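Here the structure comes first, spelled out in structure tokens, and everything after it is commentary.
The model shown is predicted, which means the values in this text are computed figures rather than measured ones. Per chain, numbering begins at 1; letters A, B, ... match sequence-line order. Only this structure's heavy atoms are used, side chains among them; waters, hydrogens and symmetry mates stay out.
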Amino acid sequence: MSLFSGTIAALEGALSYSTTKQKVIAQNIANADTPNYKAKDVRFEAALQKSVKSAIEAKRTDPRHLHFSNSPSVSGTVLTTRPLSYLHNGNSVDVDKEMADLATNQIYYYSIADLLGGKFQTLHSVIRGGK
Amino acid sequence: MSVFHTISISASALTAQRTRMDVISSNMANAETTRAKFVNGEWQPYRRKRVILQAQESKFTPFLKSALGKERVGGGVVVKEIVEDDTPFKMVYSPGHPDADGSGYVRMPNVDPLREMVDLLSATRSYEANVTVLNASKGLLMKALEIGK
């Protein structure tokens, strides 16, 4: 068993996703008054699929069973998801949604950072022999 | 990927919204100005100005990043230009006014205080939203510094 056992890499990927998400939210809110600007979003399905394919294949007896994956790398890709117009000037930013996403992302990032901190704390405790 | 990119995105929006407020202030201050420009020996009234915002995506770097399959967020917002509103001037009957024409009408600026107030509120709310995002981003960075403590 490796010392960091993939958990830190996974959490790092989640932090990276959250950082990109934060950038996209900032960009969307910054352009809330820009004519013809289309809102962007971050998706990590594509990255997840890639990660799933490279992992060990599990024997599935039902198509609804999930794949196995030992190293979920979550980074995300930026997409323009809402090509429709929300305002009369061709803008598709919904500020309420963006602010809600902002709050969600903040809590998500904090929880991941806490988990990561806790992981290091555990390792630290082990290194010191539980003292 | 720069650490402070998110903050610079929000900062660009703060600059843009502040410019918008400056322009609205100028419009409100000059709502009664009949002598703004001297053209061909004749005074022109003040014309309402407006800000044109543009998403900062037209630079080379975002295209390179998208070609390389990397993230393509963009760099915030910029004030592209400040243009003048071409709607006709208001004609006000005021024969005693020094700028009145032969039939006693004075051309007044095409500034509508009501519209300016609505724009001002919109700019204020946008500014506040961007301040919230900036503080949230700052919080994330501060939290990242606490990992491992």
When rounded to the nearest 0.5 angstrom, what is the spacing between CD in A:Gln27 and CD in B:Gln56?
-> 8.5 Å

Is B:Trp43 reachable from B:Met91 through a run of I, L, V, M, F, W or Y residues, each pair having side-chain heavy atoms under 4.5 Å apart?
-> no

Report, as yes or no, whether the 6.0 Å neighbourhood of atom CZ on B:Arg50 holds more than 12 heavy atoms from other residues, nucleotides or ligands.
-> no

Transitively linked via ILVMFWY side-chain contacts under 4.5 Å: B:Met21 with B:Val51?
-> no

Most chain A-contacting option - heavy-atom pairs closer than 4.5 Å, from B:Arg20, B:Glu146, B:Lys80 | B:Arg20

Looking only at heavy atoms, which two atoms of A:Lys23 and B:Thr6 are closest? And how far apart?
-> CG-OG1, 3.3 Å

Please walk me through it: do B:Lys143 and A:Asp114 pass side chain to side chain contact (heavy atoms under 4.5 Å, CB included)?
-> CA-CA 9 Å; B:Lys143 187 73 189 172; A:Asp114 269 348; 3.0 Å; yes

Is the count of non-hydrogen atoms from other residues, nucleotides or ligands lying under 6.0 Å from B:Phe89 atom CZ greater than 12?
-> yes

Closest approach of B:Ala129 to A:Met99 (non-hydrogen atoms, all atoms of both residues) = O-CE, 4.0 Å

Is atom CD of B:Glu32 surrounded by more than 12 heavy atoms (other residues, nucleotides or ligands) closer than 6.0 Å?
-> no

Rounding to 0.5 Å, atoms OG (B:Ser12) and CG (A:Asn31) come to a distance of 7.5 Å

Given that the side chain runs from C-beta out, which part of A:Ala113 has a heavy atom under 4.5 Å from chain B: side chain, backbone, both or neither?
-> both

Pair count under 4.5 Å, heavy atoms only, with chain B: among A:Thr34, A:Asn36, A:Leu115, highest is A:Thr34

Can you tell which part of A:Ile29 gets under 4.5 Å to a heavy atom of chain B, answering side chain, backbone, both or neither?
-> both

Compare every heavy atom of B:Ser122 with every heavy atom of A:Asp33, then report the nearest pair and how far apart it is.
-> OD1-OG, 4.1 Å

Is it true that atom CZ of B:Arg35 has more than 12 heavy atoms of other residues, nucleotides or ligands lying nearer than 6.0 Å?
-> yes

Part of A:Gln121 within contact of chain B (heavy atom distance under 4.5 Å) = side chain

On a heavy-atom basis, the closest approach of B:Leu140 and A:Tyr109 is O-CE2, 3.2 Å

Applying the 4.5 Å side-chain criterion to the ILVMFWY set and letting contacts propagate, would B:Ile24 and B:Val111 be lumped into a single cluster?
-> no

Measure A:Tyr110 against the heavy atoms of chain B and call it side chain, backbone, both or neither at under 4.5 Å.
-> both

Closest non-hydrogen contact found for B:Ala136 with A:Gln106 is CA-NE2, 3.6 Å

Determine, using the 4.5 Å side-chain heavy-atom cutoff (strictly less than), whether A:Leu15 and A:Tyr108 are members of one ILVMFWY cluster.
-> yes

Rounding to 0.5 Å, atoms CD (A:Glu98) and OG1 (B:Thr132) come to a distance of 13.0 Å

Indicate if B:Tyr127 and B:Met117 have the same hydrophobic cluster label, given that clusters are the connected sets of ILVMFWY residues with side-chain heavy-atom separations under 4.5 angstrom.
-> yes

In terms of heavy-atom contacts, does NZ of B:Lys90 have more than 12 from other residues, nucleotides or ligands at under 6.0 Å?
-> yes

Report yes if some heavy atom in the side chain of A:Leu102 is under 4.5 Å from a heavy atom in the side chain of B:Val133; otherwise report no.
-> yes

